[in-house]
4 protein chains.
Amino acid sequence: MPRSKEQFEKIRIRTRNKILAKSLDLFATKGYDSTSASAIAGACGLSKSSLYHHFESKERILITILENSYYDWKEKYGVADQFDEPRQELKRSVLASVQSIKENPKFYKILSELQEKLPDTEEMQKLIAKISSEKMADYASLFKKMGFKDPLDEVYFFGATLSGAIRAYLIIGENYPIDEIVNRLLKNYEIF
Amino acid sequence: MPRSKEQFEKIRIRTRNKILAKSLDLFATKGYDSTSASAIAGACGLSKSSLYHHFESKERILITILENSYYDWKEKYGVADQFDEPRQELKRSVLASVQSIKENPKFYKILSELQEKLPDTEEMQKLIAKISSEKMADYASLFKKMGFKDPLDEVYFFGATLSGAIRAYLIIGENYPIDEIVNRLLKNYEIF
Amino acid sequence: MPRSKEQFEKIRIRTRNKILAKSLDLFATKGYDSTSASAIAGACGLSKSSLYHHFESKERILITILENSYYDWKEKYGVADQFDEPRQELKRSVLASVQSIKENPKFYKILSELQEKLPDTEEMQKLIAKISSEKMADYASLFKKMGFKDPLDEVYFFGATLSGAIRAYLIIGENYPIDEIVNRLLKNYEIF
Amino acid sequence: MPRSKEQFEKIRIRTRNKILAKSLDLFATKGYDSTSASAIAGACGLSKSSLYHHFESKERILITILENSYYDWKEKYGVADQFDEPRQELKRSVLASVQSIKENPKFYKILSELQEKLPDTEEMQKLIAKISSEKMADYASLFKKMGFKDPLDEVYFFGATLSGAIRAYLIIGENYPIDEIVNRLLKNYEIF
DNA sequence: AATGAATGAGAATTCATTCAT
DNA sequence: TATGAATGAATTCTCATTCAT
C-alpha cells in the first residue's frame with residue numbers, strides 16, 4: 001500500500017468517467033450494438049485490455065451509464081414526494097424532464113434505442129422496464145390528484161404527446177420546438 | 001420449351017419476395033444490425049451466396065423493403081390529391097395510418113430503429129429522411145386548408161401525439177389503446 | 001446445381017479430412033486445450049473462417065476425431081460377438097488393441113489427455129465415458145467365460161497392467177517393449 | 001522494532017506457501033494450462049501483481065510445486081540407501097508410494113498431466129524426466145538385488161501394473177481398489 | 001438460378017506479465 | 001510487501017461478401 005492510495009483512486013475514477021463519457025457519446029451516436037469495445041477503448045486512448053480492467057463487459061458499461069443517469073435524473077427532476085398543487089407539480093416535473101433531455105440528450109437516445117430492442121440479459125430488461133415505467137406511474141398519481149376519473153387514460157394521452165415530442169427532439173435536435181409543444185400540452189390542462 | 005424464360009422470372013420474383021418477407025420479419029424482431037445475412041438465408045432455405053445472387057448487399061434488402069412498404073403505404077393510405085373536406089381527409093389519412101401500422105407493425109419497427117441511428121450510407125439517410133418527412137408535409141397542407149395560421153406548428157403538436165402513440169403501440173402492442181388516443185386527438189380538432 | 005456436385009463433395013471431404021488429420025497431430029502433440037483454432041487453420045493452409053466453414057467449433061473437430069477413431073477401432077479390433085474360446089478371444093482382442101495403438105498413437109494420446117481433465121461439455125463427457133468403459137466391459141465378460149469367480153477384480157488387475165503399458169508406450173514411444181509386457185501378461189493367464 | 005525483518009520473512013514464507021497450496025489445488029483440478037494467474041491470485045486473496053512479486057512466472061510456481069513435492073516424497077518414501085532385504089524394501093517403497101498418492105493425489109494429477117504433453121521449456125522437460133525416471137531406477141536396483149537376470153524387464157512389467165493402478169486411482173478415486181491390486185502384484189513376487 | 005468454398009476484417013473477451021508507487 | 005493501472009498478443013468465433021462452377 002503505497003502512499004498514493006488516494007492518487008490511485010483519482011486516476012481510477014478519472015479513467016472510469018472517461019470511459020463512461022466516451023461510451024455515452026458512441027452509444028448515442030452509433031447505437032449500443034454497433035459500438036465495439038475496440039472503438040470505446042480507442043476513443044479513450046486505452047488498450048482494449050485496459051478497458052476490461054475497468055469494466056467487466058461492454059454491457060456493464062451500458063448498465064452503469066443507465067443507472068448513473070437515472071439516479072441523477074431522479075434526484076434532480078423526479079416527481080416530489082411532497083407538493084402543494086398537482087397541476088404545479090406536473091408542470092414542474094414535465095419542464096424538468098424537458099430540461100433533463102436538453103442537458104443529456106445522449107442518455108435519452110440510448111434509452112430510446114434500448115426500449116425498442118429485446119434486451120440481451122434479464123438485468124438489462126429489468127433496468128429498462130424500471131426506468132421506463134416509473135415516470136408514467138408518477139404522472140398517473142398526479143392526474144389522480146387532479147381529479148380525473150380515469151387517470152391512466154389521461155396518462156396515455158398526455159404521455160403520447162410528451163414522448164412523441166421528446167423523440168422528435170432527440171432525432172431532429174435544437175430546431176424542434178419542444179418548449180412550445182410542451183407549453184401547449186400543459187395549456188390543454190389549464191396549466192400556465 | 002419457349003416459356004421457360006417466364007417461369008424463370010416467376011421463380012426469381014418468388015425468391016426475391018421470400019427474401020424480402022423473411023428479412024422484414026427478422027429486421028423487425030432482432031433489429032437490422034443484429035440480423036445476419038446467414039440468418040436471412042437460413043430463414044429462406046437458401047444459401048448465403050444465393051442471397052447475394054438476388055441482392056447485392058444486406059443494405060439493399062433493407063432499402064428495398066423500405067421503398068416497397070413506403071410506396072404500398074402511399075398508394076393505400078396516403079393523403080389524396082383530391083378531397084372535399086380537409087377535416088375528413090385528415091381523419092381518413094390518420095385512421096389509415098393507424099390501420100397500416102396495425103397491419104404491418106414490422107415495417108414501422110424497422111423504420112423506428114433506423115430513425116434513431118445514424119445511417120451507414122447516404123442513400124439510406126436520404127430514404128429515411130424522405131419517408132419521415134413526407135407525411136408531415138401532407139398533414140401540413142391539410143392543416144393549412146383547415147385554416148390554421150401556423151399550420152406547421154399544428155403539425156408539430158398533432159404529429160407529436162400521433163407519433164408518440166404509434167411508438168407506444170409498437171413497443172407495447174395490442175394492449176395499448178391507440179384507437180382511443182387517436183380519436184381523442186381528432187376530437188381536439190372537432191373531428192368526429 | 002452445377003455439374004460438379006461430386007467434385008464439391010470431393011473437395012469438401014478432402015478439406016475436412018485434412019482438418020481432422022492436422023488437428024489429430026496438434027491435439028496429440030500439444031494437447032487439445034493448447035491447440036488454437038488459428039494453429040489448426042494455419043497447419044491446413046486455411047483461414048480461420050474457412051475452418052469454421054467446415055466445423056462449427058473446435059470441440060466439434062475433437063468429437064469428430066474421437067468418434068471416427070472409435071468406430072474404426074471397434075470395427076477392426078473390438079471383441080467379437082461370436083468366439084470359440086475366451087482365452088483366444090482375449091489374446092486376439094488385446095493384441096489388436098496394441099496393434100491399434102501402434103497404428104494410431106495420436107488418437108490414444110488425445111484420449112488419455114481427455115480422460116484426465118474434466119470435460120467442457122456434457123457431450124464430451126458422455127463420449128469419453130463411453131469409449132473408456134466399453135473395453136473394460138468386454139474384458140469382464142471374457143474373464144467371466146474363462147471361469148473366474150470375480151471377473152471384475154480380474155479386469156482391474158489385468159487392466160492396470162495393460163493400461164500402464166499402453167500409457168508408457170504412448171509417452172516413451174517405440175523403445176518401450178510393449179509386446180513383451182503384453183505377452184508376459186497373457187502368459188500369467190496361461191495364454192500363449 | 002529490530003525483529004521486523006524476521007516477521008517480514010515469516011509473512012513472505014506464509015504467502016509463498018499459500019500460493020503454492022492454492023496453485024496445487026487449481027492445477028490438479030482444472031489443469032495447469034487452464035488455470036490462470038488471475039485465478040491463483042484470486043484464490044490467495046492477492047492481486048495479480050503480488051503474485052508476480054513472489055514468483056517470476058506461472059511456470060515457476062509449477063516447478064516449485066514439483067520440486068517441493070518431489071523432495072518431500074523422496075525423503076519420506078523413497079528407496080532407502082541401506083536395507084536388509086530387497087523384497088521387504090520393495091514392499092515398503094511400493095506401499096509408501098501408494099500412501100503418498102492417497103495423501104497427495106493432487107500432485108500426482110499434475111505430474112500425470114505434465115507427462116503427457118510436451119513441456120513448454122527445457123527446464124520443465126528435465127524436471128519431469130527426472131521425477132519420472134528416478135523411481136524406475138530405484139526399483140531396478142531392488143530387482144537386481146532380488147536376483148533377477150533382467151531386472152529392467154522386471155521393472156517394466158512391475159511398473160506397468162503399478163503405474164496403471166495409480167493412474168486409475170487418480171481418475172476414478174476412492175472406489176478404485178488400489179490396495180488389493182498392489183497386494184496382488186507383490187504376491188506375484190512372493191512378497192506378503 | 002443456385003451454391004459450396006473461401007476469406008479478411010472484426011467481434012468480445014482473457015492471458016501472462018510489467019511498471020510505478 | 002503489496003497493488004492498481006496498463007498492455008500486446010492471443011483466444012474462440014461471426015460477419016458480410018466474393019468467386020468458380
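Numbers restart at 1 for each chain; the letters A, B, ... are given by sequence-line order, proteins then strands.
Note on A:Asp33 versus A:Lys30: no salt bridge recorded, every NZ/NE/NH1/NH2 to OD/OE distance being 4.0 Å or above. Checked for salt-bridge contact, A:Glu123 and A:Arg60 meet the test: a charged N lies under 4.0 Å from a carboxylate O. Salt bridge annotation for A:Lys126-A:Glu122: present, with a cationic side-chain nitrogen under 4.0 angstrom from a carboxylate oxygen. Between B:Lys117 and B:Glu113 there is no salt bridge, since no side-chain nitrogen of the basic residue lies less than 4.0 Å from a carboxylate oxygen of the acidic one.
Between C:Ile128 and the options C:Met124, C:Lys130, C:Gln125, a side chain to side chain contact (heavy atoms under 4.5 Å, CB included) holds for only C:Met124.
Base pairing in DNA chain E gives the following stems of 3 or more Watson-Crick or G-U pairs, range against range and under 3.5 Å: E:2-21 with F:2-21.
Between C:Ser23 and C:Ile61, the closest heavy-atom pair is OG-CG2, 3.4 Å. The nearest pair of heavy atoms linking D:Leu26 to D:Thr35 is O-OG1, 3.3 Å. Minimum heavy-atom separation, C:Ala28 to C:Lys109: O-CD, 3.7 Å. Of all non-hydrogen atoms in C:Glu116 and D:Ser112, the two that sit nearest each other are OE2-OG, 2.9 Å. Residues D:Leu51 and D:Ala41 share a closest heavy-atom pair of CD2-N, 4.3 Å. Between D:Gln115 and D:Ser132, the closest heavy-atom pair is NE2-OG, 2.9 Å.
Contact between the side-chain N/O atoms of C:Ser49 and the OP1/OP2 oxygens of E:dA6 is not found at any separation under 4.0 Å. An OP1 or OP2 oxygen of E:dA2 is reached within less than 4.0 angstrom by a side-chain nitrogen or oxygen of B:His54.
Here the side chains of B:Ser69 and B:Asn104 are in contact, with some heavy-atom distance below 4.5 Å. The shortest side-chain heavy-atom distance between B:Leu114 and B:Leu62 falls under the 4.5 Å cut-off. Put simply, the side chain of C:Leu127 reaches to within 4.5 Å of the side chain of C:Ile131, judged on heavy atoms.
Screening residues 31-59 of chain C for ring-ring contact (aromatic ring centres under 6.0 Å, His included), with sequence neighbours left out, gives C:Phe27-C:Tyr32.
When each of C:Tyr52 and D:Lys48 is assigned the nucleotide of DNA chain F with its nearest heavy atom, D:Lys48 is the one assigned upstream, toward the 5' end. Along DNA chain E, the nucleotide nearest B:His53 and the nucleotide nearest C:Leu51 are compared for position; the residue whose nucleotide lies closer to the 5' end is B:His53.
For the contact set between residues 109-127 of chain B and DNA chain F, defined by any heavy atom under 4.0 Å, there are no members. Non-hydrogen atoms lying under 4.0 Å from DNA chain E are contributed by B:Arg12, B:Thr15, all within residues 12-29 of chain B. Within residues 55-64 of chain B, the residues having any heavy atom under 4.0 Å from DNA chain F are, by residue number, B:Ser57, B:Lys58. Non-hydrogen atoms lying under 4.0 Å from DNA chain E are contributed by D:Thr35, D:Ser36, D:Ala37, all within residues 31-45 of chain D.
A straight line from CZ of A:Phe8 to C1' of F:dG4 spans 5 Å, rounded to a whole angstrom. What separates CD of C:Glu9 from P of E:dT3 is a distance of 15 Å, to the nearest Å. The interatomic distance linking A:Leu46 (CG) with E:dT13 (P) rounds to 16 Å, in whole Å.
Taking only distance into account, the side chain of A:Ser47 never meets the base of F:dG8 through a donor-acceptor pair shorter than 3.5 Å.
In this structure a side-chain-to-backbone donor-acceptor pair under 3.5 Å is present from D:Thr15 to D:Ile11.
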